[in-house]
Asks: 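I have a structure here, written as structure tokens, and I will follow up with some questions on it.
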There are 2 protein chains.
Amino acid sequence: MEDQEIRKAGLKVTAPRLKILELLEKCGERHVSAEEVYRLLLADGEEIGLATVYRVLTQFEAAGLVERHKFEDGYSVFELNRGEHHDHIVCVTCGKVEEFLDETIEQRQREIAAERGYEIGDHSLIIYGRCRDSECPNRSKK
Amino acid sequence: MEDQEIRKAGLKVTAPRLKILELLEKCGERHVSAEEVYRLLLADGEEIGLATVYRVLTQFEAAGLVERHKFEDGYSVFELNRGEHHDHIVCVTCGKVEEFLDETIEQRQREIAAERGYEIGDHSLIIYGRCRDSECPNRSKK
DNA sequence: CAGGAAATGAGAAGCTTTCGCATGCGCTGG
DNA sequence: CCAGCGCATGCGAAAGCTTCTCATTTCCTG
């Protein structure tokens with residue numbers, strides 16, 4: 001199961017790493033912060049340190065297992081890498097994050113990079129707006 | 001001259017604010033960090049505090065005089081707002097930043113936000129790549 | 001099963017950015 | 001032109017997120 005993914009990344013299979021991976025799987029499309037992972041695991045009875053969470057998430061990112069996103073709030077959020085690239089649309093009022101993918105935009109980006117002599121690596125497109133159901137009173141819940 | 005822009009923003013015209021504005025004008029398209037503004041002004045013989053630089057830049061941003069960008073490095077960079085929106089392509093090797101604007105992409109973004117019921121506010125598109133002349137040995141010069 | 005390398009937890013430290021407060025300065029009304 | 005109020009400044013302290021340090025524990029190979 002998850003053991004293999006961790007081993008494939010060249011990392012030892014340890015309890016913290018397994019737990020974090022499980023948690024991320026359970027979170028699905030939801031984006032979680034390191035702090036949140038930490039608190040959820042503590043609440044789950046795990047004995048884990050915040051530093052370990054950061055370390056492991058960084059290692060997972062390097063191994064391509066998870067993706068790290070930085071929105072304007074300043075801190076990072078993580079999600080399992082499901083292989084398919086996507087961009088984000090964020091509601092500035094309630095903090096909700098949706099994902100999307102638009103081939104027209106992807107294509108134009110490749111062209112723009114090529115025109116300017118860049119070997120394209122990655123990109124980040126984030127649309128900030130206000131979602132329709134912005135009655136949402138839960139501002140910045142982190 | 002610049003006095004008017006500051007006054008229009010509802011701010012008192014003071015030496016620090018004038019100097020920062022001048023400096024940004026001199027920088028043109030270059031993106032500078034708060035720290036950099038601070039050091040450049042000190043080097044120029046100004047007596048200024050880092051906190052003031054941050055405060056003034058934040059006020060200028062609120063007034064629409066400057067734009068703040070956050071790249072993946074973690075800290076913010078600023079540039080004078082010349083009125084025309086643009087996106088960025090950043091070289092991950094040398095840190096060079098170029099600007100571009102693509103109407104096809106802009107258009108698709110508006111459509112995507114509309115489709116999903118968002119009142120679009122702003123957006124941030126950053127392409128990370130490696131530029132052709134990446135012999136550039138000046139990694140992260142901040 | 002033993003030994004060595006790698007991983008962990010806790011706290012300290014780092015970095016950017018903001019805050020609090022006493023002092024200083026720009027600006028408006030007299 | 002001057003006085004006085006209040007915003008602006010500078011400094012140091014502090015906040016918030018993330019990384020580092022290091023002694024201890026855990027995993028894994030042989």
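Naming convention: chains lettered A, B, ... in sequence-line order (proteins, then strands); numbering from 1 in each chain.
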Asks: Could you state the atom-to-atom distance from CG of B:Asp73 to C1' of C:dT16 in whole Å?
Replies: 12 Å
Asks: Between the protein and nucleotides 28-30 of chain C, which nitrogen or oxygen pairs come in under 3.5 angstrom?
Replies:
none

Asks: Would you please name every residue forming a ring pair (Phe, Tyr, Trp, His ring centres under 6.0 Å) with A:Tyr128, sequence neighbours left out?
Replies: none
Asks: So, does B:Ser33 get its side chain near the phosphate of C:dT16, meaning an N or O under 4.0 Å from OP1 or OP2?
Replies: no
Asks: Once you round it to whole Å, what is the distance between C1' of D:dC17 and CZ of A:Arg68?
Replies: 11 Å
Asks: What protein N or O atoms touch nucleotides 1-7 of chain D N or O atoms at under 3.5 angstrom, if any, and at what distances?
Replies:
{"unit_1": "D:dG6", "atom_1": "N2", "unit_2": "B:Lys12", "atom_2": "NZ", "d": "3.2"}

Asks: Whole-Å distance between D:dC27 P and A:Gln59 CD?
Replies: 15 Å
Asks: Pairs under 3.5 angstrom, nitrogen or oxygen only, protein versus nucleotides 10-14 of chain D, please.
Replies:
{"unit_1": "D:dG10", "atom_1": "OP1", "unit_2": "B:Glu47", "atom_2": "O", "d": "2.5"}
{"unit_1": "D:dG10", "atom_1": "OP2", "unit_2": "B:Gly49", "atom_2": "N", "d": "3.2"}
{"unit_1": "D:dG10", "atom_1": "OP2", "unit_2": "B:Thr52", "atom_2": "OG1", "d": "2.7"}
{"unit_1": "D:dG10", "atom_1": "N7", "unit_2": "B:Arg55", "atom_2": "NH2", "d": "2.7"}
{"unit_1": "D:dG10", "atom_1": "O6", "unit_2": "B:Arg55", "atom_2": "NH1", "d": "3.2"}

Asks: With a 6.0 Å cut-off (strictly less than), is the heavy-atom count around CD of B:Glu47, excluding the residue itself, greater than 12?
Replies: no
Asks: Hey, what do you get for CD (A:Glu29) to CZ (A:Arg82), rounding to the nearest 0.5 Å?
Replies: 5.0 Å
Asks: For B:Thr14 and B:Gly74, find the nucleotide of DNA chain C closest to each by heavy atoms; which residue's nucleotide sits nearer the 5' end?
Replies: B:Gly74
Asks: Can you check whether B:Tyr75 reaches B:Glu35 side chain to side chain, under 4.5 Å on heavy atoms?
Replies: no
Asks: Please state how far atom CG in A:Leu21 lies from atom P in C:dA7, giving the value in whole angstrom units.
Replies: 15 Å
Asks: Could you check how far CD of B:Glu36 sits from P of C:dT17, rounded to whole Å?
Replies: 12 Å
Asks: Under the rule for salt bridge (Lys or Arg N to Asp or Glu O under 4.0 Å), what residues qualify as partners of A:Glu103, not counting sequence neighbours?
Replies: A:Arg110
Asks: Only counting residues at least two apart or in another chain, list the ones meeting salt bridge (Lys or Arg N to Asp or Glu O under 4.0 Å) with B:Glu5.
Replies: none
Asks: Mind checking the CG-CG spacing from A:Asp87 to A:Asp102? Nearest 0.5 Å is all I need.
Replies: 8.5 Å
Asks: Apply ring pair (Phe, Tyr, Trp, His ring centres under 6.0 Å) to A:His69 and list each qualifying residue two or more places apart in sequence or on a separate chain.
Replies: A:His31, A:His88
Asks: In whole angstroms, how far is the P atom of C:dG26 from the CD1 atom of B:Ile6?
Replies: 12 Å
Asks: Measure CD/B:Gln4 against P/C:dG26 and give the value in whole Å, please.
Replies: 16 Å
Asks: Just distance, no hydrogens or angles: give the donor-acceptor pairs under 3.5 Å from side chains in residues 7-21 of chain B, sequence neighbours left out.
Replies:
{"unit_1": "B:Arg17", "atom_1": "NE", "unit_2": "B:Lys12", "atom_2": "O", "d": "2.9"}
{"unit_1": "B:Arg17", "atom_1": "NH1", "unit_2": "B:Gln59", "atom_2": "OE1", "d": "2.9"}
{"unit_1": "B:Arg17", "atom_1": "NH2", "unit_2": "B:Lys12", "atom_2": "O", "d": "3.3"}

Asks: Find the distance between CD (B:Gln109) and CD1 (A:Ile126) and round it off to the nearest 0.5 Å.
Replies: 11.0 Å
Asks: Tell me, please, which residues at least two apart from B:Ala51 pass side chain to side chain contact (heavy atoms under 4.5 Å, CB included).
Replies: B:Arg55
Asks: Report the distance from atom CD of A:Glu46 to atom P of C:dT8, rounded to the nearest whole Å.
Replies: 12 Å
Asks: Please enumerate all residues that pass salt bridge (Lys or Arg N to Asp or Glu O under 4.0 Å) together with A:Glu111, with sequence neighbours excluded.
Replies: A:Arg108
Asks: Using the test side chain to side chain donor-acceptor pair (under 3.5 Å), find all partners of B:Glu119 that sit at least two apart in sequence or belong to another chain.
Replies: none
Asks: If you measure from CD on A:Glu67 to OG on A:Ser124, what distance do you get to the nearest 0.5 Å?
Replies: 10.5 Å
Asks: Do any side-chain nitrogens or oxygens of A:Ser76 fall under 4.0 Å of OP1 or OP2 in D:dT18?
Replies: yes
Asks: Report for the helix from C:dC1-D:dG30 to C:dG30-D:dC1: angle between first-end and last-end helix axes, five pairs each, rounded to 10 degrees.
Replies: 30°
Asks: Under 4.0 Å: is that the gap between some side-chain N or O of A:Tyr54 and OP1 or OP2 of D:dT18?
Replies: yes
